[in-house]
Protein chains: 2
Amino acid sequence: MTGASFWSQFELRQLRCFVAAAEELHFGRAAARMNMTQPPLSRQIQLLEHVLGVKLLDRTSRAVKLTPAGRVFLLEARRILRLTESAALATRRIASGEAGTISLGFTAASGYSFLPRLLLQRASHAPNIDMALKEMVSSEQVDSLLTGRIDVGLLRPPIDRSEFTTRRVVRERLVAALPFGDPRLAEAALTLKDFDRSPLVMYAADGARYFHDMLTGLFEAEGATPIAVQSLSQIHSMLALVRAGIGAALVPEAAMSLHFDDVHFRPVTTMPTAPVELYAAWRSDNDNPALPAFLDLLRQDETEPVAPHD
Amino acid sequence: MTGASFWSQFELRQLRCFVAAAEELHFGRAAARMNMTQPPLSRQIQLLEHVLGVKLLDRTSRAVKLTPAGRVFLLEARRILRLTESAALATRRIASGEAGTISLGFTAASGYSFLPRLLLQRASHAPNIDMALKEMVSSEQVDSLLTGRIDVGLLRPPIDRSEFTTRRVVRERLVAALPFGDPRLAEAALTLKDFDRSPLVMYAADGARYFHDMLTGLFEAEGATPIAVQSLSQIHSMLALVRAGIGAALVPEAAMSLHFDDVHFRPVTTMPTAPVELYAAWRSDNDNPALPAFLDLLRQDETEPVAPHD
DNA sequence: CATGCCCATGCAAAAACCGCATCGTTTGAT
DNA sequence: ATCAAACGATGCGGTTTTTGCATGGGCATG
């Protein structure tokens, strides 16, 4: 035997009984509201008072009144019960995918055009889905997907992990970024041959392997050979060099939203027409309930607007 | 038999079990922390999940992990449990009188000096006692005390209700309020005879019965007869008339804190020396737990400072 | 493949809870 | 003053819920 009960904790049932009694100021009616008879309700309240060590209701057999402590506890009890309901609701919404958080990895380039569009979509179609954005290069995203640090990645192919499901979300053209005064600006459209033996700001083989390999392949197929004057991995740094007159650059058309002064863009005809691809990838076994809603968002975003030239 | 339970409400016990399990990520240790064995804890969590309709913990027999919904619910559960503890604490503090609210009635005149002193005392000695202040004349206070609208009144005698306990909290002298240029300002102290056959702003017999009757009695005993030029019940209004040169006024020395321009004060010798009394009164059966602490405050305030003259 | 760890489940005992009947007190009417 | 009605407290037996023990079954490790 333990002697005095050392369970100094009440239960929600007791709070509900107390609130009913405090609001009705009548044990019989309160019991009816709780779908029970009066004696058990009396006991629940006695128990609550005993646990608190405080008299909450002053009951003379003719009238029930709140004590000062009871008045305070009534407010607290109501707050707790409200919180209880909202907690259940919020949790169910998370589980149903109606609300939730998606950790999203994205490459710097995808942040220029696709990501803003995605955020707009979210604001109108799934405002309760939070997005935790983390910029990282494609290879980092693969690691983060595997360890679960991000739910979805927006990254460049190739993605050959069998654990992943992928979906192409952007396919866009290359455009040429040319400094003010470059004679090629006279043309409405260019081909890769226009860059043969001409200075070109190039992608780094390590930090931007996707673009580097793609351009290398495209030029080789076309039989043209640009003069690589510099190798970078950040597109906005490349445009800064273009502006300084170091050379031209070939960038995804989404980069046109960067608006550098004295840097103008011209479409470049390539084969295939839209060689720049961006994929969404996620672990097939990701159980984040918000994932389906988020993927719907991606699907709605498929209709790609054709960006105008400057 | 009721078939499916339609009780879509969880209990605090379940929250406590869930929090323990979510923190330990191990049912056995969590159960130990809850002072029970593992099977009941498992069931409490199953019950909670069933009630919410949401899986909170992912349990493969080798590891326990929170689901996204479980992460959210853990935060909510912790908040609820914190709230329950603080609610119990706050309620116990109220019941013990350590904290609480006192509804206090006071007369306009007592607000000039005694009440500010009392509020200072409270700030330093009982900061957790809230005071709801309500200005009302003495007769209103009696009614409010009887109906429980105020816990304590600061009012003028006589108080002859048997339901009340009273305590004198202020005994002060009368001072004369004289307009600039009044010849009596040449004297350092006055007597009531100095007001014989001279214009005096008087207290109304209804709105300020206490002062009216007191002055009437004092003058009668002294054999002096002032010329009552006006009858008011608010002391600050009387001082305004004094300033306008309508006549002198006799006010409790606490009113000296009102500081009207061109109105100066002189002590008045009376018999008894300090005829103006203020009492605290409360229902003897008042059960407000904060009352004893509040009354202690009143007792500490008994040492009345002697106000300087201007 | 054997072993250990760990959560789920079956089951009987214990505890908690509920409803019914009844008591004691208070209030208001006669 | 007396009586009846209203109301919350309490005693008690039956039912539901919870608990602990024993055990099952999945999964990782060696």
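Since this is a predicted model, take the numbers as computed values, not measurements. Quick note on labels: first sequence line is chain A, next is B, and so on, each numbered from 1.
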*Using side-chain hydrogen bond (donor to acceptor under 3.5 Å, both in side chains) as the criterion, list what pairs up with B:Glu11, not counting sequence neighbours.*
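Here the qualifying residues are A:Arg16.
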*Under the side-chain hydrogen bond (donor to acceptor under 3.5 Å, both in side chains) rule, collect the residues that match up with A:Ser284, sequence neighbours excluded.*
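side-chain hydrogen bond (donor to acceptor under 3.5 Å, both in side chains) list for A:Ser284, sorted by chain: A:Thr165.
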Mind listing the N/O atom pairs, protein and nucleotides 26-30 of chain D, below 3.5 Å?
from: D:dG26; atom 1: N2; to: B:Ser61; atom 2: OG; distance (Å): 3.3
from: D:dG26; atom 1: N3; to: B:Ser61; atom 2: OG; distance (Å): 3.2
from: D:dC27; atom 1: O4'; to: B:Ser61; atom 2: OG; distance (Å): 3.2

_Pairs satisfying side chain to side chain donor-acceptor pair (under 3.5 Å), at least one member in residues 131-144 of chain B, at least two apart_ =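 Every pair satisfying side chain to side chain donor-acceptor pair (under 3.5 Å) with a residue in residues 131-144 of chain B: B:Ser144-B:Arg149.
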*Do you know the tightest heavy-atom contact between A:Gly207 and A:Ser233?*
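It is C-CB, 3.8 Å.
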*Measure across A:Ser110 and A:Leu154 and return the closest heavy-atom pair with its distance rounded to 0.1 Å.*
OG-CB, 4.3 Å
Take the protein atom [atom1] of [X] and the nucleotide atom [atom2] of [N], then report the distance between them rounded to whole Å.
{"X": "A:Asp58", "N": "D:dG8", "atom1": "CG", "atom2": "C1'", "result": "13 Å"}
{"X": "B:His50", "N": "D:dT17", "atom1": "NE2", "atom2": "P", "result": "13 Å"}
{"X": "B:Met34", "N": "D:dG20", "atom1": "CE", "atom2": "P", "result": "11 Å"}
{"X": "A:Leu57", "N": "D:dC7", "atom1": "CG", "atom2": "P", "result": "16 Å"}
{"X": "A:Lys65", "N": "D:dG8", "atom1": "NZ", "atom2": "C1'", "result": "16 Å"}
{"X": "B:Leu47", "N": "D:dT17", "atom1": "CG", "atom2": "P", "result": "9 Å"}
{"X": "B:Phe10", "N": "D:dT17", "atom1": "CZ", "atom2": "P", "result": "19 Å"}
{"X": "A:Met36", "N": "D:dT15", "atom1": "CE", "atom2": "C1'", "result": "16 Å"}

*Give me the one residue out of B:Leu89, B:Leu15, B:Leu12 that meets side chain to side chain contact (heavy atoms under 4.5 Å, CB included) with B:Thr84.*
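That would be B:Leu12; it is the only one of B:Leu89, B:Leu15, B:Leu12 passing the side chain to side chain contact (heavy atoms under 4.5 Å, CB included) with B:Thr84.
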*Taking the side chain of B:Arg13 as its heavy atoms from C-beta onward, which of D:dC7, D:dT19, C:dC17 lies nearest to it?*
D:dT19
*Residue pairs fulfilling ring pair (Phe, Tyr, Trp, His ring centres under 6.0 Å) with at least one residue in residues 62-111 of chain B, sequence neighbours excluded*: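 Listed by first then second residue: B:Phe10-B:Phe73, B:Phe18-B:Phe73.
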*B:Arg161 atom CZ, neighbour heavy-atom count above 12 within 6.0 Å*: no
_Where protein sits on nucleotides 8-16 of chain C, one letter per nucleotide: B base, S sugar-phosphate only, - none, heavy atoms under 4.0 Å_ = BBBB-----
*Are any of the side-chain nitrogens in B:Glu76 or A:Arg93 under 4.0 Å away from the carboxylate oxygens of its partner?*
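No, this pair does not count.
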